[in-house]
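Working notes, structure below.
These numbers come from a predicted model, not from an experiment. Positions are given from 1 along the sequence.
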Amino acid sequence: MNELLSVIVIVVIIIIFNNLNSKIRKLEKKVTDLNSKMNATSLPSPISSENIQAEKIIIPKPIQSREASIEEITTPNEESSVKVQKDWLGPLSDFLKQNALTIIGIFTLVLGIGYFVKYAIDKNWIGETARAGIGLGIGAGIILTGHFLRKNYTTFASIITGGGIAVLYFTATIAFREYHLFSQNTAFIITCLITAVSIVLSYYYKSEVLIIFSLIGGFSAPLMISTGQSNYLFLFIYLSLLNIGMLTANFLQHWKSVGWTAYLFTTAYLFYWTHENPEFLNITFYMISYVIFYIFALQDYFRKGHLSISDILMVTFVNFSGIIGPIYIFDELKYEPSIIFPLIFAIINSFFLFREYGLKKFGISYTVFTGITISLITTAIAIQFKTHFLTSIWAIETTLLLFIWKKTGHQIFKTFFYILFPLVMIAQTVTWAEYFNRHDYHIIFNPIFITSLFTIISIVINLYLLKTTKKDTQSKVNPFFEDLITGTSYAVIYASLLFEIIYHMLEISWVAVINTGLLFTIYYIFALLFFRRQLNIKNDIQAILIYLFLFLILLNISVSTSSVVAAILSKKLQSGFYLLHLLQWIPFIYTGLRIIPSSEFHKNKISYWILSLALIVSISCELHHSYVLIASPDIPHSYELKKHFNILYLPVIWTIMASIFIYTGLKKSIREYNKIGFALVGLMVLKLYGYDVWQMDNISRISAFIALGIILLLSSFTFQRLKNIIKNMVDKKDKTEENKDL
């Protein structure tokens, strides 16, 4: 039943195809007849010499082929002041849109043939040798079909031929792996012959699509005929020869995609080999691959004297992927010095840098070679300091990509920056995790912190480049990504410094660690606020930072410092450690006097209350901790002293502060300070009459009431006097204005 249904479907498809084909031929005949009639009815009159002089003959410009090189069409002059953005993915997108149906069709056809062969095998219709023969025959037939269609349907024929080559590859693989019809060497020779034939056909047809198919098959061939026994020497000799063939084809036809395909496959093979079996022989093939792909990247530079987008990307990737493997091998085999590889590559790039300098060309090529040379030298320094290599090299490469984007204006480099930046953050997080594995790192001069320093330097340069880019009105900057990268960068700088501090204080006490960490955080936020204009921090972000700053001040002095006092009284910390937390008053006072008044923090009325709360709690807790620490010899005695301070001295402190708030509110005409002062007086009175008087002895009660009464009367007298002064000033001003009017 299934066989009958398949035959019916095939017959229906043939009938439909034949019907469509006949209709197309009739349509072509009608178009030809119509053109003949138009030519017959509108024959041109004889052309005289006067007509030739009188008429302007307009010669249409030939339309350039879609398959022309993108660089030849859109590459701007390097010396031009106008930066042209090139959509290098456009041709690929157009190709996929126009030929998606063809690609899906040939893929489906190959699958259909495969399923048919499998069905025939399951039914025992054909033997193993016949199966391989059928596969080879079908592949050759598809290639022949593409050959006959190549003149009128170039792209379609290329895809068809690529499908035939794929059939040949899979047939050879199955014949070797499944049926064991020939040895591994024979299978390898067959796949090499298929690759060679496909490359020759690609050059003969001048088809970039076909040579990509050929390269994919050529690089996949070792995997297809692999038996699990690694013969890397033979493998990479084969890959090197394949890459030399790619380079030759590229010089002849200038196919950029061919080189990128070969680079991706070669790099994947090299990295896998390095990871599985790091040996000195690997470095030889790294160097060979570096030379091949470096020459590939500089083809346009040798021919035309400039670098295209894809060339810059290739130069960048080749230089950095070329040093990752050798340095990893040196590190695994304990060889020295590892910095020889980035320095050699830096010398090679500096040769072209000085060449551009000597020719007085300071365009894109000069910028690219300068950035790569400096990045490689920086990488060598990072390696010399024994940093975590992957983190450092990725951080350096992000700066290089952003620098090249800044100088060239090509958006692709910023896109790669967006891709690589999160990887740097992940690698940096993994680097920080090393703090938990060892306990003998030196202060500052240890691999983890030096790696963090390289990341910080890279981040600072990135922030500077992004900052200068925002000033360029022509640049299209995505604010979301820019703000996200900026915030993440500040967080990485903060975490790098904080983790180093915490690591070297773990052996002291967790109380000391928490207190020092909070103090560092306070100073870090203060530094951001201090340099807020230089860092272009927005007003709303400034307000958020101030709120966070005040919250940390409250947390540090109320909770953390209390733990420090308890640790000192229990002899777990030295008394001198208490003085460390007093450093928080420097940024607190400066922020209150200089930063907050010049910001938009007081835009909301609630900000006055938050600032006042931070000040009240800070002064109260500071005097409380100092009193307990000075007067108490140990923890048991501190409980009684705390109670005595809260009952006797705290109301006095709050009354004085309430008076200051009310006085400030009247003097500066800020009603919120008046409200805060009276609210504090009310809170103090409630505390005094509701709780404190019942806990005091008679002498303390009398002393507290007399002292508070005197303070309140003096404050009231001062307020009344200040009111009169302000009233007189207002009246005098009104009279002066009346006299002016008269």
Side-chain angles (χ1 to χ4, degrees), residues 490 494 515-562 564 578-627 649-650 652-681 683-684 711 715 718-719 722:
Y490 290 141
Y494 164 74
N515 186 261
T516 307
L518 282 172
L519 185 63
F520 168 75
T521 307
I522 289 169
Y523 266 87
Y524 185 77
I525 296 175
F526 171 69
L528 294 179
L529 292 170
F530 187 83
F531 295 105
R532 63 195 182 280
R533 293 189 180 90
Q534 292 83 348
L535 298 175
N536 287 337
I537 299 178
K538 299 176 184 177
N539 291 328
D540 52 348
I541 302 298
Q542 289 183 34
I544 293 172
L545 289 175
I546 293 173
Y547 282 120
L548 181 59
F549 176 82
L550 295 176
F551 171 75
L552 291 173
I553 289 284
L554 284 172
L555 184 64
N556 186 44
I557 203 165
S558 61
V559 179
S560 178
T561 309
S562 299
V564 170
Y578 178 78
L579 301 176
L580 181 66
H581 96 281
L582 295 176
L583 293 173
Q584 78 167 15
W585 284 98
I586 298 174
F588 188 21
I589 294 171
Y590 186 90
T591 301
L593 295 178
R594 300 295 297 274
I595 295 177
I596 289 178
S598 63
S599 68
E600 296 185 3
F601 177 70
H602 284 319
K603 196 173 182 180
N604 298 320
K605 292 181 179 180
I606 191 66
S607 61
Y608 291 100
W609 291 84
I610 294 174
L611 178 60
S612 302
L613 176 64
L615 186 62
I616 293 166
V617 173
S618 297
I619 293 175
S620 303
C621 290
E622 194 65 66
L623 294 174
H624 175 271
H625 298 325
S626 301
Y627 174 76
Y649 298 117
L650 194 59
V652 177
I653 295 169
W654 283 3
T655 304
I656 296 172
M657 293 187 69
S659 303
I660 294 172
F661 279 121
I662 297 172
Y663 175 81
T664 304
L666 291 172
K667 186 177 180 180
K668 295 186 176 182
S669 300
I670 301 175
R671 297 182 61 186
E672 295 303 316
Y673 282 142
N674 294 334
K675 295 177 183 178
I676 292 167
F678 285 114
L680 187 58
V681 169
L683 181 62
M684 181 272 301
I711 291 172
S715 300
T718 304
F719 302 148
L722 184 62

Contacts of His624 that satisfy ring pair (Phe, Tyr, Trp, His ring centres under 6.0 Å) - sequence neighbours left out:
Phe645

side-chain contact (heavy atoms from CB on, under 4.5 Å) between Thr664 and Ile670: does it pass, once the steps are laid out?
CA-CA 8 Å; Thr664 304; Ile670 301 175; 5.7 Å; no

In terms of heavy-atom contacts, Ile676 and Ser612 come closest through CD1-OG, 3.1 Å

side-chain contact (heavy atoms from CB on, under 4.5 Å) partners of Ser626, counting only residues at least two apart:
Tyr578, Glu622

In residues 539-552, what donor-acceptor pairs under 3.5 Å come from side-chain atoms, sequence neighbours left out?
unit_1 : atom_1 : unit_2 : atom_2 : d
Asn539 : ND2    : Glu600 : OE2    : 3.2
Gln542 : NE2    : Ile537 : O      : 3.0

Could you list the residues that satisfy salt bridge (charged side-chain N to carboxylate O under 4.0 Å, His left out) with Lys668, not counting sequence neighbours?
none

Listed partners of Ser620 passing side chain to side chain donor-acceptor pair (under 3.5 Å), at least two apart:
Trp654

Looking only at heavy atoms, what is the nearest atom pair of Pro597 and Gly592, with distance?
CD-O, 3.4 Å

Please name all residues satisfying side-chain contact (heavy atoms from CB on, under 4.5 Å) with Ile586, sequence neighbours left out, ordered by chain then number.
Tyr523, Leu583

What residues, two or more places apart in sequence or in another chain, satisfy side chain to side chain donor-acceptor pair (under 3.5 Å) together with Ser607?
His602

Minimal heavy-atom distance between Ala614 and Leu554, with the atoms involved, is CA-CD2, 3.6 Å

Name all residues meeting the side-chain contact (heavy atoms from CB on, under 4.5 Å) criterion together with Tyr494; count only those two or more places apart in sequence or in a different chain, and write none if there are none.
Leu498, Phe520, Thr521, Tyr524

Please round to the nearest 0.5 Å and tell me the distance separating atom CG of Leu519 and atom CD1 of Ile557.
11.0 Å

Could you work out, with side-chain contact (heavy atoms from CB on, under 4.5 Å) as the rule, every residue matching Tyr590, not counting sequence neighbours?
Phe526, Phe530, Arg594, Ile595

Heavy-atom closest contact (Gly677 atom, Ile662 atom, distance)
CA-CG1, 3.7 Å

Of all the heavy-atom pairs spanning Gln584 and Asn556, show the shortest one and how long it is.
OE1-ND2, 2.7 Å

One should read off an interatomic distance between Leu593 CG and Ser598 OG, to the nearest 0.5 angstrom, of 11.0 Å

Sequence-distant partners of Trp609, ring pair (Phe, Tyr, Trp, His ring centres under 6.0 Å), two or more places apart:
none

Under the side-chain contact (heavy atoms from CB on, under 4.5 Å) criterion, do Leu528 and Tyr490 qualify, and how do the steps go?
CA-CA 9 Å; Leu528 294 179; Tyr490 290 141; 4.2 Å; yes

Do His625 and Val564 pass the side-chain contact (heavy atoms from CB on, under 4.5 Å) test, and can you show the C-alpha distance, the side-chain angles, and the key distance before you say yes or no?
CA-CA 10 Å; His625 298 325; Val564 170; over 6 Å; no

Heavy-atom closest pair, residues Gly665 and Tyr673:
CA-CB, 3.7 Å

At what distance, to the nearest 0.5 angstrom, does CG of Leu615 lie from CD1 of Ile610?
14.0 Å

